[in-house]
Structures are given as C-alpha cells and as structure tokens.
J.: 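Mind looking over this structure? Questions follow.
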Amino acid sequence: MRVLATFIFPLLLQVYAYIVVFMAAQGGGSFMGLLAIPVAAASVLALLVHGLKVARTSGPLLRPSLVSLAIALVPPVFLLIFRALES
C-alpha cells in the first residue's frame, strides 16, 4: 500500500499531467515545450527517488503521499501557467 500511495499513483498522475502539458505545447512555436522536456525528466527522477525512499520506511503515510503528489503535479501546473502567459 505504501508503494501505491507514494510512488505508483503519483507517477500515473504525473504521466497524465505531462501528456496534457505536451498536448498544450503542440504548434505555434512554443518555447514551453522545450522547457517541459528537462522539467519532466527532473521531476520524474525526483519522484522516483522520493517515492522509493519513502516506500522503504515505516511511519505515517499522509505527509509522504502529499509530498509525492506535490512533486508530481506542481511542475506541470506551473508549465501550463507559463503556457497561458506565453500566448
């Protein structure tokens, strides 16, 4: 259950969020698409490290799950805000 709450579910949300970001970056010569590639790589790596580290520990689950969700959703939301400001 820890792996599901701290790693698998946030990873699936993150993948879906970046699909939305890359669909928003299609066409129009958007620089946001160029920025999204390294941001996506860094946030996937951060989620991987955090999720696997937390899944091995014991203790409360709420805070690590919220941190995983923040790592998964904050960068794509900022990229979508950047796209809205760019156009």
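Numbers here simply count residues along the sequence, with the first being 1.
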J.: I need the Q26 CD to F22 CZ distance, nearest 0.5 Å.
T.: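 The CZ atom of F22 is 9.5 Å from CD of Q26, to the nearest 0.5 Å.
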J.: Please give me the minimum heavy-atom distance between S43 and A40, naming the atom from each residue.
T.: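 It is OG-O, 3.2 Å.
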J.: In chain order, what residues pass the side chain to side chain contact (heavy atoms under 4.5 Å, CB included) check against V74, with sequence neighbours excluded?
T.: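 Expected list: A70, F78.
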J.: Of all heavy-atom pairs between A55 and V3, which one has the smallest distance, and what is that distance?
T.: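 For A55 versus V3, the nearest heavy atoms are CB-CG2, 3.7 Å.
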J.: Could you state the interatomic distance from CD1 (I37) to OH (Y18), rounded to the nearest 0.5 Å?
T.: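 OH of Y18 is found 11.5 Å from CD1 of I37.
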J.: For I19, what are the other residues in its hydrophobic cluster, where any two members join if their side-chain heavy atoms are less than 4.5 angstrom apart?
T.: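 Direct or chained contacts put I19 with V15, M23.
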J.: Suppose clustering is done on Ile, Leu, Val, Met, Phe, Trp and Tyr with side-chain heavy atoms closer than 4.5 Å. Which residues sit in the same group as F9?
T.: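 L13, L69, L73, listed by chain and number.
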J.: If two hydrophobic side chains count as joined below 4.5 Å and joins carry through other members, does M1 share a cluster with L52?
T.: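 Yes; tracing contacts between hydrophobic side chains, which count when under 4.5 Å, links both residues.
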J.: To the nearest 0.5 Å, what is the distance between CD (E86) and CD1 (I81)?
T.: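 These two atoms lie 13.5 Å from each other.
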J.: Is there a side-chain contact between L48 and F7 in this structure, where contact means two heavy atoms from C-beta onward sitting under 4.5 Å apart?
T.: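 Yes; the side chains approach each other to less than 4.5 Å.
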J.: Which residues pass the side chain to side chain contact (heavy atoms under 4.5 Å, CB included) test with I71, not counting sequence neighbours?
T.: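 I71 satisfies side chain to side chain contact (heavy atoms under 4.5 Å, CB included) with A46, L47, H50, V67 only.
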J.: Under the rule for side chain to side chain contact (heavy atoms under 4.5 Å, CB included), what residues qualify as partners of V44, not counting sequence neighbours?
T.: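 With sequence neighbours excluded, V44 shows a side chain to side chain contact (heavy atoms under 4.5 Å, CB included) to Q14, given in chain and number order.
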J.: If hydrophobic residues (ILVMFWY) are linked whenever their side-chain heavy atoms come closer than 4.5 Å, directly or via other members, who joins L66 in its cluster?
T.: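 Other cluster members: L62.
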J.: Excluding sequence neighbours, so at least two apart, what forms side chain to side chain contact (heavy atoms under 4.5 Å, CB included) with L12?
T.: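 For L12 the side chain to side chain contact (heavy atoms under 4.5 Å, CB included) partners, ignoring immediate neighbours, are I8.
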J.: Output every pair passing side chain to side chain donor-acceptor pair (under 3.5 Å) with a member in residues 51-63, not counting sequence neighbours, ordered by first then second residue.
T.: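 Pairs touching residues 51-63 that pass the test: none.
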